[in-house]
Number of protein chains: 2
Amino acid sequence: MTEKNLYESILESLPEDADHRIAWLALVRCFSSIERVLLKHFAQKYNSSLPRYDVLTALALNRDGLTMGELASMLMVTKGNITGVVRRLAQDGLVLKNTSKSDRRVQSVKISAKGVRLWEKMHADYDDMIALLLSGQSVEQIKELRQALRRTRLLVEKNSVAFNS
Amino acid sequence: MTEKNLYESILESLPEDADHRIAWLALVRCFSSIERVLLKHFAQKYNSSLPRYDVLTALALNRDGLTMGELASMLMVTKGNITGVVRRLAQDGLVLKNTSKSDRRVQSVKISAKGVRLWEKMHADYDDMIALLLSGQSVEQIKELRQALRRTRLLVEKNSVAFNS
DNA sequence: ACTATTTAGTTTATACTTAAACGAAATTAC
DNA sequence: GTAATTTCGTTTAAGTATAAACTAAATAGT
């Protein structure tokens with residue numbers, strides 16, 4: 001009694017000429033299938049999550065530290081969200097949080113030595129996982145995928161300006 | 001003081017030959033840029049979310065009803081997750097939940113008339129949004145995108161068997 | 001100076017997500 | 001028929017996410 005997954009049901013219900021909708025479905029399925037593996041792997045191996053990895057990455061690439069607002073802006077999430085993730089990372093000793101001397105509203109967040117060690121392991125592992133999951137395509141095919149995605153994203157960003165009102 | 005977003009920082013930090021990693025980054029960016037617009041639109045216009053839409057879609061395509069377990073399996077989420085989403089949909093009168101007569105453990109969930117009306121609006125709207133966001137590419141380009149994504153997903157599913165241990 | 005406004009970050013309420021523990025019901029083993 | 005096991009769904013605890021209300025601090029306007 002293994003049910004059809006929702007994607008396949010939707011695909012069957014869609015008219016043949018719903019090109020855009022079908023392409024989006026393909027995008028969701030491809031993204032989700034990769035994300036699922038990454039999520040499970042990181043949870044099992046590092047007892048960690050992608051949001052934590054993302055914050056560590058931002059801080060690893062900005063060793064002078066970032067403010068809460070800068071983190072929120074870079075990760076495109078709310079500041080309230082960052083408050084929670086950074087608090088938990090700080091509890092685990094992976095980041096350090098200090099009030100700025102020049103402006104007491106501002107928090108400066110830096111990755112700790114322990115954080116760097118963890119991040120380097122996760123980062124290498126992440127690369128390996130992606131390389132393994134995507135392997136089997138030629139260099140040209142990978143490039144074609146990348147260019148189609150880039151072209152699409154740029155159009156989406158252009159087309160979505162209408163919605164940002 | 002608009003910070004670079006994380007994607008661009010990562011891209012700069014990556015070696016030129018990290019093809020797979022760069023393709024994955026392109027996939028994440030493209031997916032996220034579309035998802036963000038959909039999320040905001042659905043939240044504003046319907047005070048609803050994608051998980052709610054997904055459950056309604058599954059039930060709209062299966063008018064005889066689905067069990068909690070079938071919903072969880074189709075949407076690839078845990079049963080605990082479904083419990084919550086269905087409870088909120090039922091509170092809003094969008095779905096109906098009844099204990100099966102033949103097996104009192106089993107819940108049969110059906111979409112209500114009100115649920116169908118909402119779903120039909122959301123569904124049409126969803127299609128329109130996707131068509132609008134992806135517009136500007138030729139039919140061939142859309143097809144190329146779709147095929148590259150399909151090819152990639154099939155490889156990912158093949159390659160990830162190694163992780164399902 | 002002093003009031004008003006803006007800015008930075010936290011808190012709160014709610015929703016979504018998982019894993020794991022749990023309760024109830026059905027099935028299997030004997 | 002009873003005991004053990006499996007199955008279905010809920011509950012719980014914790015993390016992640018948002019929007020909106022809030023606090024504290026800095027800045028602007030006068």
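Lettering of chains follows the sequences in order, A, B, ..., and the numbering in each one begins at 1. Just so it is clear, the structure is predicted and the values come from calculations on it, not from any experiment.
When the side chains of ILVMFWY residues are joined at heavy-atom separations under 4.5 Å, either directly or via intervening members, B/L96 and B/V86 end up in two distinct hydrophobic clusters.
Of the two residues near DNA chain D, A/K101 and B/T83, the one whose nearest nucleotide lies more 5' is B/T83. Between A/R105 and A/N81, the residue anchored closer to the 5' end of DNA chain C is A/R105, taking for each the nucleotide with the nearest heavy atom.
Under 4.0 Å is where a charged nitrogen must lie from a carboxylate oxygen, and between A/K45 and A/D125 at least one such pair does. A salt bridge links A/E8 with A/R29: at least one charged nitrogen is closer than 4.0 Å to a carboxylate oxygen.
Distance check: A/L118 CG to A/L56 CG gives 6.0 Å after rounding to the nearest 0.5 Å.
A/L149 pairs in a side chain to side chain contact (heavy atoms under 4.5 Å, CB included) with only one of the listed residues (B/T152, B/L145, B/V28), which is B/L145.
Residue-level contact check: A/G69 touches the backbone only, with heavy atoms under 4.0 Å from sugar-phosphate atoms and none from bases.
Rounded to whole angstrom, the span from the NZ atom of A/K40 across to the C1' atom of C/dT17 amounts to 14 Å. Taking atom CE on B/M68 and atom C1' on D/dT11, their separation rounds to 12 Å, with Å as the unit. Between B/L39 atom CG and D/dT18 atom P there is a gap of 9 Å when expressed in whole angstrom units. Whole-Å rounding puts the A/I82 CD1 to C/dT10 P distance at 10 Å. Remark: P of D/dA25 and CG of A/D103 are 10 Å apart, rounded to the nearest angstrom. Counting to the nearest Å, the C1' atom of C/dT12 and the CZ atom of A/R87 are 12 Å from each other. The distance between atom CG of B/N47 and atom C1' of C/dT14, rounded to the nearest whole Å, is 11 Å. Summarising the geometry, the separation between NZ on A/K79 and P on D/dA24 is reported as 16 Å, rounded to the nearest angstrom.
By the 30° and 60° cut-offs, the orientation of the rings of B/Y126 relative to B/F42 is perpendicular. Note: B/H41 and B/Y46 have perpendicular aromatic rings, judged against thresholds of 30 and 60 degrees for the angle between ring planes.
Between the side chains of A/R52 and A/S48, at least one donor N or O lies within less than 3.5 Å of an accepting N or O.
Taking only side-chain nitrogens and oxygens, A/K97 comes nearer than 4.0 Å to OP1 or OP2 of C/dT10. OP1 or OP2 of D/dT18 lies within a sub-4.0 Å distance of a side-chain N or O belonging to A/T78. Between B/R104 and the phosphate of C/dA26, there is a side-chain N or O to OP1/OP2 separation shorter than 4.0 Å.
Near DNA chain C, meaning a heavy atom under 4.0 Å from it, residues 49-66 of chain A has no residue at all.
Remark on the helix from C/dA1-D/dT30 to C/dC22-D/dG9: inter-end axis angle 10°, axes from five-pair C1' superpositions, rounded to 10°.
The main-chain N or O of B/Y7 is found under 3.5 Å from a side-chain atom of B/N5 such that the two form a donor-acceptor pair.
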